[in-house]
Trainee: 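Take this structure first; my questions come after.
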Amino acid sequence: MQIFNSLTRRKEELTPLEPGHFRIYVCGPTVYDLFHIGNARPFIVFDTLRRYLLWLGYQVTYVQNFTDIDDKVITRAQAEGVPFAQLAERMIGEYYRDADGLNIMRASLYPRATESIDAIIQLISRLLEKGHAYEAEDGLYFSIDSFPAYGRLSGHKLEDLVAGASERLGDTAGKRNPLDFALWKYKKEGEPFWPSPWGDGRPGWHIECSAMSLENLGETIDIHAGGVDLTFPHHENEIAQSEAATGKPFVRYWMHNGFVNIDFEKMSKSKGNFFTVRDLAARYPYSILRFFILQAHYRMPVNFSDELLDAAVTSWKRITSSVDHLAFVAAASQDQPAGTAEENGLLEAIAACRQAWQKAMDDDLNTADAIAALFDLVRAANTAASTGRVSGQALLQARDSLIELFAVLGLDPAASAEDGIPEEITRLAEERGRAKEARDFAKADALREEIQARGYKIEDTPQGFRILPS
RNA sequence: GGCACCAUAGCCAAGUGGUAAGGCAGAGGUCUGCAAAACCUCUAUUCUCCGGUUCAAAUCCGGAUGGUGCCUCCA
């Protein structure tokens, strides 16, 4: 499988350091609020990567942190008048609710910053010993001048960054370089703090992720992923801290997803142009949100609007109704002979789909192309089903492939299967069927309307009528 | 100002050297008592523009234009 590595800006063959086992770290949410669809993109995309690697037969250790102590958490907790830990705990619960809805697999481990203080302190100590960190007025800082490779990931030249930073930030008391970033912030009045060898305080944002990755996955991991906006400074800083401390490569493949835009502008909390997944889920099924995200390649920016989501609904329905219909026709086609030309055509289409699907997934997780391959199979299967010359077994084979391959994308096209049709509706439908047999179309249509009024619809097929939720 | 990324049909979106996938929307047709669903056909001689390389360019190179992002918390 090829993956675009942000570090080298090239597609590279993806191989694990330890044969058969990938170690992945994904930057998780800062738990001060519900997450929005833009935040959801990396969760969905890298969950899909994980599912694909599992499907390929790899073992995957997948770590996603919760940043549960941070300026935003503190500010929000103060505004709500609750302890920060209480807010964080609540938001972690809310995270799980939406993430589960989006069918994002639970991580192998969810380390929290506040539970990783020891590891953070140890890491800072190592940096101090090696001369990469120093004390300033308000805390401990990382000295970027002590790490010559600084800027490599983001492609920034140090002097450009420094020039920009000096203008904006001016000189911070005791900082050696305006770009030096905080490792440990000394406590301020009214803020939570933890004891450390250097005084009470709390960790900086960047050191958290380094410490949690090193502690839980080891000094060199395979994949570290997140949104493109984390490239600088967050990931750049993580590399500097981690590699300065260990002397080893921190991450082998860096992956960054593109933004979700509104009117071609980045969706973000600070711009206020965001939709939380929670709000969207009230209007669209979670599966539609996931399907929508996966219809675009993960590195491309994607625009977001109700119109596009509506189109995704229609699009997805084409898949689910096909999967649904195939089961129905297959049940009615048990005694069809196998080996017809139509059947062989379908079997070939299944093989072609699986091949095209995997080729797309192998090419830097091209889910858009992978979905296109699945649509091709939908058409072939629908056509095959309508000929009446294909065995139920072959139809189910097509259906199983659709279900299997969509499952790797975290989607279940069989989820909307017809179950729980009320007896009353079935009775009405049967009555309509008899009226239709008797060519009493007025009565048949009246009954169909009544069924529709109750939220179901009737489809007549060569194999008989079907009742579906409308 | 510095550094990146993007530009493909009415809309969304794949495609990185061999003659434009897929979805939505639209038109016509088949099937149906009528519907619905499904299927078939049609809908970009062309990929923002201008040069260049090549037998061959949406794809590579140079330039222009437009848009976005990062450089400050941000997925």
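The structure displayed is predicted, hence computed values, not measured ones. In the text below, chain A, chain B and the rest are named by the order of the sequence lines, each starting its count at 1.
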Trainee: Table please: side-chain donor-acceptor pairs of residues 375-385 of chain A below 3.5 Å, with sequence neighbours left out.
Mentor:
| unit_1 | atom_1 | unit_2 | atom_2 | d |
| --- | --- | --- | --- | --- |
| A:Asn382 | OD1 | A:Ser322 | OG | 2.9 |
| A:Asn382 | ND2 | A:Val378 | O | 3.4 |
| A:Thr383 | OG1 | A:Arg379 | O | 2.8 |

Trainee: Any idea which of B:A75, B:G33, B:C3 is nearest the A:Val260 side chain?
Mentor: B:A75
Trainee: For RNA chain B, find the residues of residues 63-78 of chain A with a heavy-atom distance under 4.0 Å and give them by number; none if there aren't any.
Mentor: A:Lys72
Trainee: Counting side-chain heavy atoms from C-beta on, which of B:A36, B:C70, B:A75 comes nearest to A:Lys457?
Mentor: B:A36
Trainee: Which of these nucleotides, B:A38, B:C73, B:A14, is closest to any side-chain atom of A:Asp369?
Mentor: B:A14
Trainee: Which nucleotide wins on minimum distance to the side chain of A:His36, given the candidates B:A38, B:A75, B:C34?
Mentor: B:A75
Trainee: Are the aromatic rings of A:His224 and A:Phe250 close, with centres under 6.0 Å apart?
Mentor: yes
Trainee: Measure centre to centre between the rings of A:Phe465 and A:Phe328, then say whether the value is under 6.0 Å.
Mentor: no
Trainee: Between protein and nucleotides 22-32 of chain B, map the contacts as a letter string: B base, S sugar-phosphate only, - none, heavy atoms under 4.0 Å, written 5' to 3'.
Mentor: SSSS-------
Trainee: Check step by step if side-chain contact (heavy atoms from CB on, under 4.5 Å) holds for A:Arg50 and A:Ser108.
Mentor: CA-CA 11 Å; A:Arg50 177 192 190 184; A:Ser108 313; 3.8 Å; yes
Trainee: Indicate whether any N or O donor in one side chain lies under 3.5 Å from an N or O acceptor in the other, for A:Asn237 and A:Tyr150.
Mentor: yes
Trainee: With A:Arg97, which residues qualify under side-chain contact (heavy atoms from CB on, under 4.5 Å), at least two apart?
Mentor: A:Glu94, A:Arg278
Trainee: Tell me which donor-acceptor pairs under 3.5 Å the side chains of residues 346-356 of chain A have, and how far apart each pair is, sequence neighbours excluded?
Mentor:
| unit_1 | atom_1 | unit_2 | atom_2 | d |
| --- | --- | --- | --- | --- |
| A:Arg354 | NH1 | A:Ser401 | OG | 2.8 |
| A:Arg354 | NH1 | A:Glu404 | OE1 | 3.0 |
| A:Arg354 | NH2 | A:Glu404 | OE1 | 3.1 |
| A:Arg354 | NH2 | A:Glu404 | OE2 | 3.0 |

Trainee: Give the intermediate values and the outcome of side-chain contact (heavy atoms from CB on, under 4.5 Å) for residues A:Phe181 and A:Glu236.
Mentor: CA-CA 11 Å; A:Phe181 53 91; A:Glu236 194 74 71; over 6 Å; no
Trainee: What distance, rounded to whole Å, do you find between the two P atoms, one in B:C73 and one in B:U16?
Mentor: 36 Å
Trainee: In dot-bracket form, 5' to 3', how is RNA chain B paired? Count Watson-Crick and G-U wobble pairs only if both distances fall under 3.5 Å, and write | where the partner sits on another strand.
Mentor: ((((((((.[[[..)..(...]]].(((((.......))))).....[[[[[..)....]]]]])))))))....
Trainee: With respect to the side chain of A:Asp363, which nucleotide from B:G15, B:C34, B:A36 is positioned closest?
Mentor: B:G15
Trainee: Say we look at B:A25 and B:C42: how far apart would their C1' atoms be, to the nearest angstrom?
Mentor: 14 Å
Trainee: Less than 6.0 Å separating the ring centroids of A:His235 and A:His206?
Mentor: no
Trainee: Within 45 degrees of the axis of the six-membered ring of A:Phe441 and under 6.0 Å from its centre: does A:Lys436 put its NZ or CZ there?
Mentor: no
Trainee: Of the listed nucleotides (B:C12, B:G33, B:A75), which one gets closest to any side-chain atom of A:Arg41?
Mentor: B:A75
